[in-house]
Amino acid sequence: MIVLGIETSCDETAAAVVDSDRRIRADKVRSQLADHAPYGGIVPEIAARAHIDALDGLITAALEEAGIGFGELDGVAATGGPGLIGGVIVGVMTAKGIAAARGLPFVAVNHLEGHALTARLTDDVAFPYLLLLVSGGHCQLLIVEGVGRYVRLGTTIDDAVGEAFDKAAKMLGLGYPGGPQVEAAARDGDAARFPLPRPMKGRPGCDFSFSGLKTAVRHAVEALPPGPLTARDVADIAASFQQAVGESIADRTRHAIAAFRERHAGGDTLVVAGGVAANTHLRFVLQTLAAAEGLRFLAPPQRLCTDNGAMIAWAGIERLRLGLVDDMSFAPRPRWPLDPSAPKAIFAGVKA
Ligand code: KG4
Ligand code: ZN
């Protein structure tokens, strides 16, 4: 089975060709970073237009690299949500158009399911496994029990962790996206210099919170002598921030491991996915935790952690194998939880 995957839900336009033998035959990504840079964040209208401009060319290039034509495809998958609706519409309409013209099945993939199933593309991991999904828009702990079968153990009550990295970077005068720059700055920083909070550490449950940490970073910056930050200050704050994030996530994940094992006595794998999974410090922290808990730890290669078309094509293959096809009436979804029955995150008795 060979499937074309299309991803347009945020600021990357991507098209990939993947087969059911887990081979990525082509994987094309165009980042819109430069388009949004003058505005200091993603502008939805600019994103949608950039997807329109780039997508056809990327699909052609992906098929060319895979050495196939539309006729050799067995299906077309596109991110159907959640995400910026203008972009999702572009991807879904394009996929429907190809599917209708070529008589192919169309699959609408949940973007989060794309991230969640990537470890099965890269490592052929069996269900069930525990997943930590950390990106610019999401921060969740989920038990992946099967295709379309997710139990959400925890989520963030305020910011996603990638968002926290991006905001911390901004306060430190680093560019967007902030994650990679904070990580680079932290490399020779002193993580003990700024005593930042470890949000939610020690609390029951598996929910996250990062807005207090963001505020603490701002206070740390403001407490420094007036004038531009020195490279040492930036490095030390970045390292202290990254350490706090790592400890907070490790604490939440430890609770999730217990919940996972309660539900699946033989559960033996922890997977991390999403853009923040590219962070080397976080990988190290999770690796150490998994080893201490006797779990196998899997992290897809960085290129497959950030948004890409291969994960959408693969999720499409997983769905097609089960006969899960969508029809032309599918409407793009700005919101689309993986586990609609999950309770809302609760903090200090207040529902978020
Ligand atoms: O999954 P992704 O590509 O897009 C979303 O679906 O959100 O994740 C992007 C997020 C951004 O917030 C970015 O700052 C963060 O992932 N990120 C990182 C690193 N690389 C990307 N955060 C921390 N360390 C990194 N090395
Ligand atoms: Zn993503």
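Quick note: residue numbers are just sequence positions, from 1. As the structure lists them, so they are numbered: ligands from 1, and atoms in each ligand from 1.
Ligand 1 has His111 within reach: a non-hydrogen atom of the residue lies less than 4.0 Å from it. Ligand 1 lies less than 4.0 angstrom from a heavy atom belonging to His115. A heavy-atom separation below 4.0 Å is not found between Cys10 and ligand 1.
Here the heavy atom of the protein found nearest to atom 7 (O) of ligand 1 is Gly136 N, 2.8 Å. Protein heavy atom closest to atom 26 (N) of ligand 1, with residue, atom name and distance, is Glu183 OE1, 2.7 Å. In this structure, atom 15 (C) of ligand 1 lies nearest to the protein heavy atom Val276 CG2, 3.9 Å. Protein heavy atom closest to atom 2 (P) of ligand 1, with residue, atom name and distance, is Asp307 OD1, 3.5 Å. In this structure, the protein non-hydrogen atom closest to atom 14 (O) of ligand 1 is Asp166 OD1, 2.7 Å. Asn279 ND2, 3.0 Å is the protein heavy atom nearest to atom 24 (N) of ligand 1. For atom 23 (C) of ligand 1, the closest heavy atom belonging to the protein is Gly179 CA, 3.4 Å.
Sorting the N, O or S atoms of His111 by how far they are from the Zn ion (ligand 2) puts NE2 first. Considering just the N/O/S atoms of Asp307, the one nearest the Zn ion (ligand 2) carries the name OD1. Considering just the N/O/S atoms of His115, the one nearest the Zn ion (ligand 2) carries the name NE2.
Against a heavy-atom cut-off of under 4.0 Å, Gly137 is close to the following atoms of ligand 1: 7 (O). Within ligand 1, counting atoms from 1 as listed, the ones closer than 4.0 Å to a heavy atom of Gly162 are 12 (O). Near Thr306, the atoms of ligand 1 lying under 4.0 angstrom from a non-hydrogen atom of the residue are 3 (O).
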Apply side chain to side chain donor-acceptor pair (under 3.5 Å) to Asp158 and Ser209, showing your working. CA-CA 6 Å; Asp158 40 54; Ser209 165; 2.7 Å; yes
Could you go through the side chain to side chain donor-acceptor pair (under 3.5 Å) check for Asn279 and Gln242 one step at a time? CA-CA 9 Å; Asn279 187 280; Gln242 196 171 252; 2.9 Å; yes
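Salt bridge present: Glu65 and Lys28 bring a charged side-chain N and a carboxylate O closer than 4.0 Å. A salt bridge links Glu247 and Lys201; the closest N-O separation between the charged side-chain nitrogens and carboxylate oxygens is under 4.0 Å. The existence of a salt bridge linking Asp233 and Arg193 is confirmed by a sub-4.0 Å separation between a basic side-chain nitrogen and an acidic carboxylate oxygen. A salt bridge links Arg218 with Glu222: the closest approach of a Lys/Arg side-chain nitrogen to an acidic carboxylate oxygen falls below 4.0 angstrom.
Counting only non-hydrogen atoms, the option in Gly178, Gly275, Cys305, Ala278 that gets closest to atom 17 (N) of ligand 1 is Gly275.
Under the side chain to side chain contact (heavy atoms under 4.5 Å, CB included) test applied with His111, the options Thr8, Val88, Asp307 reduce to a single match, Asp307. When each of Leu142, Leu133, Ile312, Asn110 is tested with His115 by the rule side chain to side chain contact (heavy atoms under 4.5 Å, CB included), just one qualifies, namely Leu133.
Taking the side chain as every heavy atom from C-beta outward, Arg203 and His255 never approach each other to under 4.5 Å. Between Ile98 and Leu4, some side-chain heavy-atom pair lies under the 4.5 Å cut-off.
Stacking of Arg296 on the aromatic ring of Tyr129 is not recorded, the 6.0 Å distance cut-off and the 45° axial limit not both being met.
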